[in-house]
Amino acid sequence: MAEPVPLHAGEEDVEALRQIEALIFAAARPLSEKDLRARLSGEPDVARCLATLKAAFRNRGINLVEVAEGWTFRTAPDLAPLMSEERAATKKLSAAALETLSIIAYHQPVTRAEIEEVRGVAVAKGTLDILLDTGWVRLRGRRRAPGRPVTFGTTPEFLSHFGLATVADLPGLDDLKGAGLLEGTPPDGFSVPSPNMPDSLTEDEDPLDDDDSDTDDAR
């Protein structure tokens with residue numbers, strides 16, 4: 001481990017150097033010479049102390065730099081790549097997207113028309129685009145029906161994100177009542193389907209065509 005660069009200062013500045021270093025390190029914003037002078041005991045040569053500290057930290061992992069008319073510690077420029085980290089941006093799903101995701105999870109494999117039938121309103125193309133982009137929903141196949149509509153299903157990423165072993169672990173009617181998510185008495189005929197996520201295509205599904213992911217009707 002490299003030894004710290006010694007601070008070459010007169011005896012009278014040693015304590016001032018320690019105080020300035022501590023103040024700048026703990027500050028939430030750059031501190032000006034005026035800010036430092038107001039907090040220091042005695043009357044040290046603040047400019048000289050800053051020059052000494054700047055030289056002492058020149059070859060360290062952090063440097064003392066002057067920004068916005070003040071002084072602060074910053075990561076050495078050549079070490080900046082070590083501080084970078086790629087993170088996926090998390091976007092909050094709209095109510096429409098959440099409803100659509102729920103329908104797909106409980107009714108899969110399901111077509112867009114079937115989603116709209118359950119919701120009672122049209123599903124915007126952008127809503128399905130968002131769900132496909134999250135990686136929680138995928139195109140499964142094509143229904144063996146007029147128009148051969150695309151079918152949608154959930155993915156392993158969906159299970160992982162929501163902490164589910166299988167879609168069968170999604171809450172049923174009794175679970176929803178117990179959690180207080182269903183108030184009052186559900187209307188006659190109301191039920192929560194038993195979700196299923198078959199890995200292979202069902203009897204009424206055909207495989208996707210090679211260019212299905214690029215077609216408008218796929219979403």
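Here, residue 1 is the first one in the sequence, and each next residue gets the next number.
- Residues satisfying the ring pair (Phe, Tyr, Trp, His ring centres under 6.0 Å) criterion with F25, sequence neighbours excluded, are absent altogether.
- Between the CG atom of L36 and the CD atom of E33 there is a distance of 7.5 Å, given to the nearest 0.5 Å.
- Within a 6.0 Å sphere centred on CZ of R119, other residues, nucleotides and ligands contribute more than 12 heavy atoms.
- Residues D169 and L159 have side chains not in contact (no heavy-atom distance under 4.5 Å, counting atoms from C-beta outward).
- Shown here are the side chain to side chain contact (heavy atoms under 4.5 Å, CB included) partners of L79, two or more places apart in sequence or in another chain: T75, A76, L82.
- Among Q108, H107, R143, the single residue meeting the side-chain hydrogen bond (donor to acceptor under 3.5 Å, both in side chains) criterion with E114 is R143.
- Note that the CD1 atom of I104 and the CG atom of L131 stand 5.5 Å from one another [nearest 0.5 Å].
- Considering only heavy atoms from C-beta on, L93 comes within 4.5 Å of I130 through its side chain.
- When the side-chain hydrogen bond (donor to acceptor under 3.5 Å, both in side chains) test is applied to D35, the partners found at least two apart in sequence or on another chain are R29, S32.
- For residues 117-141, the set of pairs meeting the ring-ring contact (aromatic ring centres under 6.0 Å, His included) definition, not counting sequence neighbours, comprises W136-H161, W136-F162.
- For the pair P77 and N63, the minimum side-chain heavy-atom distance is below 4.5 Å.
- Scored by the side-chain hydrogen bond (donor to acceptor under 3.5 Å, both in side chains) test, R138 finds no partners at all (sequence neighbours excluded).
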Could you check E21 against R18 for salt bridge (charged side-chain N to carboxylate O under 4.0 Å, His left out), going step by step and ending with a plain yes or no? CA-CA 5 Å; E21 184 178 353; R18 294 180 66 245; over 6 Å; no
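- Closest of all the heavy-atom pairs between C49 and A16 is SG-CB, 4.0 Å.
- Distance check, rounded to the nearest 0.5 Å: CG of L101 to CZ of F158 gives 5.0 Å.
- In terms of modelled atom types and a separation under 3.5 Å, the side chain of R112 and the main chain of V123 share a donor-acceptor contact.
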Test D209 against R142 for side chain to side chain contact (heavy atoms under 4.5 Å, CB included), laying out the working first. CA-CA 9 Å; D209 300 328; R142 285 191 174 276; 4.1 Å; yes
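- More than 12 heavy atoms of other shown residues, nucleotides or ligands fall within 6.0 angstrom of atom CD in E157.
- Taking each heavy atom of P207 and R148 in turn, the nearest pair found is O-NH2, 4.2 Å.
- Of the possible donor and acceptor atoms, one in the side chain of R140 sits under 3.5 Å from a partner among the backbone N and O of S200.
- In this structure, the separation between OG1 on T111 and CZ on F152 is 8.5 Å, given to the nearest 0.5 Å.
- Taking T202 as the reference, D204, E205 meet the side-chain hydrogen bond (donor to acceptor under 3.5 Å, both in side chains) condition, with sequence neighbours excluded.
- Counting only distance, with no hydrogens or angles, the side chain of R144 and the backbone of E203 share a donor-acceptor pair below 3.5 Å.
- The CG atom of L208 sits 7.5 Å away from the CG atom of L201 when rounded to the nearest 0.5 Å.
- Here the CG-CD distance, from L50 to E66, works out to 8.0 Å after rounding to the nearest 0.5 Å.
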